[in-house]
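Here is the structure we will look at.
Quantities reported herein were computed from a predicted structural model and do not represent experimental measurements. Index from 1, following the sequence.
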Amino acid sequence: VHKSTKLLNVNRALFDNYLREELRKKNEVTIIEGKEPTISIKQYKEKVNVSLQTISRTETIETKVLVGADGARSQIRAILYPQEKKQFGLISQWRVQSPQLAELPPYFYMIFGKNISDLYAYLIFKQPDQILLGVGRRIQEGMSQTTGTPIQKARMQLLQRLTERVGPINLTVLRRETGRIPLGEIHAGKGQILLVGDAAGLCHPFSGEGIRFAIESGILAAESIAVY
């Protein structure tokens with residue numbers, strides 16, 4: 001246990017809203033909101049044409065440089081690397097309250113064991129009385145995306161392991177969440193197109209952390225564009 005290591009837990013919804021509000025203060029930035037569009041790209045020597053298509057409309061944008069920051073299931077990455085077999089970690093977590101687990105020292109717990117998961121499980125203390133209890137498994141594009149029996153079995157094995165450690169556990173589940181983290185190769189992009197964050201495959205393989213890499217790669221992309 002590295003007691004000197006500190007983790008900052010961020011409310012993602014508030015953080016994303018903060019970023020949008022900061023962008024709105026800049027008159028030269030246009031924000032297109034709504035459901036995720038279908039993206040198509042034509043890349044030329046000096047420019048990139050991007051088509052954003054939804055059920056109700058299609059919008060075409062011409063840009064000198066395109067930055068793909070569209071997450072672990074990046075459409076832009078798929079266009080650049082169509083032959084790539086995508087690998088992900090499917091993460092399922094519960095936000096819970098538990099008097100027994102709350103008595104543990106408030107560290108970031110990583111739990112490994114083939115009988116639990118082929119990836120990892122974890123406990124994160126979000127608030128004094130709330131804990132994230134999560135498990136993950138490896139999947140490839142095209143495999144089932146549901147949190148079916150493998151995830152449920154992994155969660156039961158995790159609870160059994162914790163019960164062996166602290167005794168019988170009472171849980172109140174406040175919220176269930178699922179998500180993906182990228183596993184596999186890292187790609188910075190091609191030509192006039194840059195990839196950042198999860199779209200580039202930037203994710204800590206041990207902790208599943210991605211937001212720090214997204215911020216740092218975004219800064220590097222901005223600095224590179226500024227001198228382009």
Side-chain angles (χ1 to χ4, degrees), residues 1-19 71-73 86-141 143-184 197-199 201-217:
V1 175
H2 298 281
K3 295 185 179 181
S4 61
T5 301
K6 294 183 179 180
L7 296 176
L8 179 63
N9 287 314
V10 177
N11 184 310
R12 186 59 186 271
L14 292 177
F15 181 67
D16 288 350
N17 187 63
Y18 164 78
L19 294 178
R73 300 187 67 182
K86 299 178 185 176
Q87 298 183 48
F88 303 98
L90 180 63
I91 308 300
S92 175
Q93 68 180 21
W94 287 356
R95 185 185 293 264
V96 305
Q97 290 178 322
S98 170
Q100 294 80 19
L101 294 180
E103 294 179 359
L104 293 171
Y107 301 139
F108 178 15
Y109 292 89
M110 300 295 295
I111 302 166
F112 299 92
K114 291 183 179 180
N115 63 326
I116 296 178
S117 168
D118 62 351
L119 197 57
Y120 56 77
Y122 59 87
L123 271 75
I124 302 176
F125 287 75
K126 293 289 287 185
Q127 298 176 12
D129 63 339
Q130 293 187 18
I131 301 167
L132 292 183
L133 184 66
V135 293
R137 67 183 176 100
R138 296 179 182 272
I139 62 171
Q140 284 191 352
E141 190 71 26
M143 292 177 61
S144 173
Q145 299 172 20
T146 64
T147 56
T149 303
I151 284 288
Q152 293 174 358
K153 183 178 179 181
R155 188 183 294 118
M156 295 304 296
Q157 293 286 352
L158 172 60
L159 290 175
Q160 181 178 338
R161 177 74 65 86
L162 293 173
T163 298
E164 293 170 358
R165 170 74 182 272
V166 302
I169 297 173
N170 296 319
L171 284 181
T172 300
V173 180
L174 305 177
R175 190 167 68 200
R176 295 175 173 85
E177 301 168 322
T178 60
R180 289 187 175 208
I181 60 173
L183 301 174
D198 280 359
L202 298 171
C203 179
H204 197 293
F206 183 76
S207 67
E209 177 194 8
I211 188 64
R212 176 172 64 89
F213 295 106
I215 293 172
E216 292 178 352
S217 59

How far apart are the closest heavy atoms of Gly197 and Ser217, and which atoms are they? N-OG, 3.0 Å

Identify the two heavy atoms, one from Arg180 and one from Asp198, that lie closest to each other, and give their separation to 0.1 Å. O-OD2, 4.4 Å

CD1-CD1 distance between Ile91 and Ile181, expressed to the nearest 0.5 angstrom: 4.5 Å

Which pair of heavy atoms, one from Leu158 and one from Gly134, lies closest together, and at what distance? CD2-O, 3.8 Å

Student check: side-chain heavy atoms of Ile131 and Leu104 closer than 4.5 Å: no

Which heavy atom of Ala121 sits nearest to which heavy atom of Ile116, and what is that distance? CB-CG2, 4.1 Å

Over all atoms of both residues, closest heavy-atom pair of Leu119 and Gly89: CD2-CA, 3.8 Å

Heavy atoms only: give me the nearest Leu132-Glu177 pair and the separation to one decimal. CD2-OE1, 4.5 Å

What residues form a side-chain contact (heavy atoms from CB on, under 4.5 Å) with Gln160, not counting sequence neighbours? Gln157, Glu164

For the CD1 atom of Ile139 and the NZ atom of Lys86, what is their distance to the nearest 0.5 Å? 11.5 Å

The test is side-chain contact (heavy atoms from CB on, under 4.5 Å); show your working for Leu162 and Gln100 and say whether it passes. CA-CA 10 Å; Leu162 293 173; Gln100 294 80 19; over 6 Å; no

Mark yes or no for whether Thr163, through its side chain, and Pro168, through its backbone, hold a donor-acceptor pair below 3.5 Å. no

Heavy-atom side-chain proximity of Val166 to Glu103 below 4.5 angstrom: no

Hey, what do you get for CH2 (Trp94) to CG (Leu171), rounding to the nearest 0.5 Å? 6.5 Å

Step by step, work out the side-chain contact (heavy atoms from CB on, under 4.5 Å) result for Leu123 and Ile111. CA-CA 8 Å; Leu123 271 75; Ile111 302 166; 3.8 Å; yes

Parallel, tilted or perpendicular: ring planes of Phe125 versus Tyr109, cut at 30 and 60 degrees: tilted

Mind checking the CZ-CG spacing from Arg95 to Leu133? Nearest 0.5 Å is all I need. 12.0 Å

Rounded to the nearest 0.5 Å, the CD atom of Gln130 sits from the CZ atom of Arg175 at a distance of 8.0 Å

Atom pair CZ (Arg137) and CG (Asp118), whose distance is rounded to the nearest 0.5 Å: 8.5 Å

